[in-house]
Undergrad: 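Structure incoming, see below.
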Amino acid sequence: MNQYIPCIEIMDTTLRDGEQTNGVSFLPHEKLMIARKLLSGVRVDRIEVASARVSEGEREAVTMICQQARQKGLLHRVEVLGFIDGGQSVDWIDACGCRVVNLLAKGSLKHCSYQLEKAAEEHIADVCREVEYAHQKGMDVNLYLEDWSNGMRDSADYVYQLMDALVRTPVRRFMLPDTLGVMNPLQVIENFRKMRKRYPDANFDFHAHNDYDLAVSNSLAAALSGARGIHVTVNGLGERCGNAPLASVQAILKDQFHAVTHIDESQLNDISRMVESFSGIAVAPNQPIVGENVFTQVAGVHADGDSKDKLYYNELMPERFGRRREYALGKNSGRANIAMNLEELGLELTPEQTRRVTQRITELGDKKEIVTQDDLPYIVSDVLKHEPADEKVRLISYVVSTAYGLKPGANVSVEINGQRYEAAATGDGQYDAFVKALRYIYKKYLGRTFPILANYQVTIPPGGRTDALVQTVISWHMGNGRLLRTRGLDVDQTEAAIKATFKMLNIVEDSM
C-alpha cells in the first residue's frame, strides 16, 4: 500500500445512482444543467448520467447531455449504465449518442444463481457477448461486478472465474462496488490487494455505499490499495444511506494523501447547492465542506484564537471552496466573536460597550433566537440606548386580505426618504401581494429595481403552541453576485416576513 496516491479519476454518478435516492427524480433539463456543471465547472473526470431503457425522459436527458458534451469535446467522459440483455441496452445507449457503456454483470455467485437463475458459465458467456457487441459498435466498455463485496466474501472463486474470462476482452475498467455497503476499510484493502495481485494490468474503480457510514473511508482505502477511479455523488445522494460524497472524498484524498485529481474545489459548494435545489434533499448543516455550519465558529475562545494567530484554522479553508469563515452570534459567542463581526461591519465599540452587546446576544441565545450579522447594528443601537437609527424606509400601514375563490390582495402605504407612497396589488399569497405592491412603488415612483427574492425560510420554535414565534429568514439577490439575508420575528408569519423585508430595504438605502 502506497503512502501517497499519484492520480485518481473521479467518476460522479449523481445522475444515475444518486437519483435512486428515495423521492428524487431529476427533470431532463435539470440533468443537463448538473452534467454541464460537473464536467465544465467542477471538472470531474467522468459522469454516469442514467440507466438504459428506463423511460423516455431518460432518453431525452441522455441525448441532450451527449449532444452538448460532443460540442465541447467531452463526449468520452459521459457514461450510461447498461444491462446484459442481448444488446438492447447497448442499442439504446448508442441511439442516444453516448459512446461509453457501463455494463452491469453479477459479481457474486448468489446474484448469478438466484437472481438470474443461471450457471456461472452461462452468465459469463452472456457478458462476453455483450462486451463484444458494444465493442463492434465502436463503444468503450466498463464493467460493474455487482455485489462484488459479498462475492469476495462468499464466492471468490466465482469472481476470479468471471475476471479470468473478461480480462482478455476490451473492457477498459472493472468497477468494483460495495453494493450493500457491508465492507470496512481493512476488508477493502485486503480484497483490492487480491484483485491487484491476480490482475496487475487491470484498471479498477471502486464504488462505495454508506450503510455503515464508511463510504469515504472505504473509498480512501481503495485508492490507497491501487484503485485508479473512485465513484462519488454530490451531497452523498444514493439509495438507502447514500454513496460517498464528492466534496469529502476530494478533500481527504488531497489533504491527507496528496492525491492528484482534476477537481476545481471552488465549484464544490455551487454544485452542492444546485443538486440540493433540484433534488429537494437538504444538506445537513454539519455536512463536511458543503454544510451551512462547517465554517462557522461558535465558541468565543475559537474566535479569540483565530484573531491572534489563526490558532483554530486547518487546511480546510473556506475560501478554497468558494466560501468564507463566519463567527456565530449566540449564547456561546463571547466578546471575540462579537468583535470579529463588528470589525467586518466596520463598527467600533469600547470594551464596555462590547461587553453589553455580548450580554444581550447571550440573552437572545438563551431564548433560542438566531442572531445574524445583519441584526448586529440594531442590537448595538438598542443596547447602547441611542436614539433609533433613522429609518429611511418606514411602513406606515398595510392591509392584506384573502378569501375563498379570490386572489389575496394587499394595500400598502410606505414612507421612503420622507416621501409617502401607496399602492395595491394581488398575488399568490398575502406576502406575495405585499411585495408586488412594493415593487410597483419602487418601479413607478422611484424608477428603481426591487431586489429579487432568492430564498424564503420559515421556522417555528419547538412546542407548537399557538402563541409561538415565527421566524422568517429571507435571502435577496442584490446584484453583482451579492446575497443579503435578513430576518424577521413575530407571532404572524406575514408580519415576520414584512419585518425582514423592511430590514433589507433600509440596508439598501443606507448603502446608497
Undergrad: Before giving the answer on side-chain hydrogen bond (donor to acceptor under 3.5 Å, both in side chains), spell out for His262 and Asp45 the whole-Å C-alpha distance, their side-chain angles and the decisive distance to 0.1 Å.
TA: CA-CA 7 Å; His262 299 119; Asp45 296 281; 2.7 Å; yes

Undergrad: Walk me through whether Gln187 and Asp178 qualify under side chain to side chain contact (heavy atoms under 4.5 Å, CB included).
TA: CA-CA 11 Å; Gln187 292 167 333; Asp178 182 16; over 6 Å; no

Undergrad: For the residue pair Tyr199 and Phe174, is the inter-centroid distance of their aromatic rings smaller than 6.0 Å?
TA: no

Undergrad: Indicate yes or no for a side-chain donor-acceptor contact from Asp94 to the backbone of Val90 under 3.5 Å, with no hydrogens or angles considered.
TA: no

Undergrad: Can Lys254 and Glu265 be counted as an ion pair, charged N to O under 4.0 angstrom?
TA: yes

Undergrad: Please list, one pair per line, the donor and acceptor atoms closer than 3.5 Å that link side chains of residues 241-249 to other protein atoms, with sequence neighbours excluded.
TA:
residue: Asn243; atom: OD1; partner: His209; partner atom: ND1; Å: 3.4
residue: Asn243; atom: ND2; partner: Asp17; partner atom: OD2; Å: 2.9

Undergrad: Over all heavy atoms of both residues, which pair between Asn203 and Arg172 is shortest? Give the atoms and the distance, please.
TA: CB-O, 3.3 Å

Undergrad: Excluding sequence neighbours, so at least two apart, what forms side chain to side chain donor-acceptor pair (under 3.5 Å) with Lys72?
TA: none

Undergrad: Under the side chain to side chain contact (heavy atoms under 4.5 Å, CB included) criterion, do Met11 and Glu48 qualify, and how do the steps go?
TA: CA-CA 7 Å; Met11 193 275 265; Glu48 190 177 45; 3.7 Å; yes

Undergrad: Going by atom types only, do Gln250 and Thr261 share a side-chain donor-acceptor pair under 3.5 Å?
TA: yes

Undergrad: Run the salt bridge (charged side-chain N to carboxylate O under 4.0 Å, His left out) test against Arg273 and tell me which residues pass, sequence neighbours left out.
TA: Glu276

Undergrad: So, using side-chain contact (heavy atoms from CB on, under 4.5 Å) as the criterion, who are the partners of Asp270 when residues are at least two apart?
TA: Lys37, Gln267

Undergrad: We want to know whether Asn218 and Tyr212 form a side-chain donor-acceptor pair, criterion being a heavy-atom distance below 3.5 angstrom.
TA: no

Undergrad: Once salt bridge (charged side-chain N to carboxylate O under 4.0 Å, His left out) is applied, do any residues pair with Glu122, and if so which ones, sequence neighbours excluded?
TA: none

Undergrad: Check this for me: does any side-chain nitrogen of one of Asp12 and Arg46 sit under 4.0 Å from a carboxylate oxygen of the other?
TA: no

Undergrad: Which pairs count as side chain to side chain donor-acceptor pair (under 3.5 Å) when at least one residue sits in residues 278-290, sequence neighbours excluded?
TA: none

Undergrad: Would you check, one step at a time, whether the test ring pair (Phe, Tyr, Trp, His ring centres under 6.0 Å) holds for Phe204 with Trp148?
TA: CA-CA 12 Å; Phe204 291 113; Trp148 169 78; 8.2 Å; no

Undergrad: Would you sort out whether Gln136 and Glu132 count as a side-chain hydrogen bond (donor to acceptor under 3.5 Å, both in side chains), showing the intermediate values?
TA: CA-CA 6 Å; Gln136 289 174 0; Glu132 180 60 25; 3.2 Å; yes

Undergrad: Give, for atom OG of Ser25 and atom CD of Glu58, the distance between the pair rounded to the nearest 0.5 Å.
TA: 7.5 Å

Undergrad: Roughly how far apart are Asp154 CG and His111 NE2, rounded to 0.5 Å?
TA: 10.0 Å

Undergrad: With no hydrogens and no angle check, just 3.5 Å: does a side-chain donor-acceptor pair link Ser475 and Asn455?
TA: no

Undergrad: Using salt bridge (charged side-chain N to carboxylate O under 4.0 Å, His left out), reason through Arg240 and Asp211 one step at a time and then give a plain yes or no.
TA: CA-CA 7 Å; Arg240 305 185 311 277; Asp211 295 69; 2.7 Å; yes

Undergrad: Taking 4.0 angstrom as the limit, do Arg173 and Asp140 come out as a salt bridge?
TA: no

Undergrad: Between His123 and Cys112, which heavy-atom pair has the shortest distance, and what is it?
TA: CB-SG, 3.7 Å

Undergrad: Distance only, no hydrogens: is a donor on one side chain within 3.5 Å (strictly under) of an acceptor on the other, for Ser108 and Asn150?
TA: no

Undergrad: Look at the side chain of Asp264 and the backbone N and O of Ser266, then say whether any donor-acceptor pair between them is shorter than 3.5 Å.
TA: yes

Undergrad: Would you call Arg59-Glu56 a salt bridge at under 4.0 Å N-O?
TA: yes

Undergrad: Quick test of your reading of the model: are Arg228 and Glu9 salt-bridged, counting only N-O distances below 4.0 Å?
TA: no

Undergrad: Examine His231 together with Tyr144 and report whether their ring centres are nearer than 6.0 Å.
TA: yes

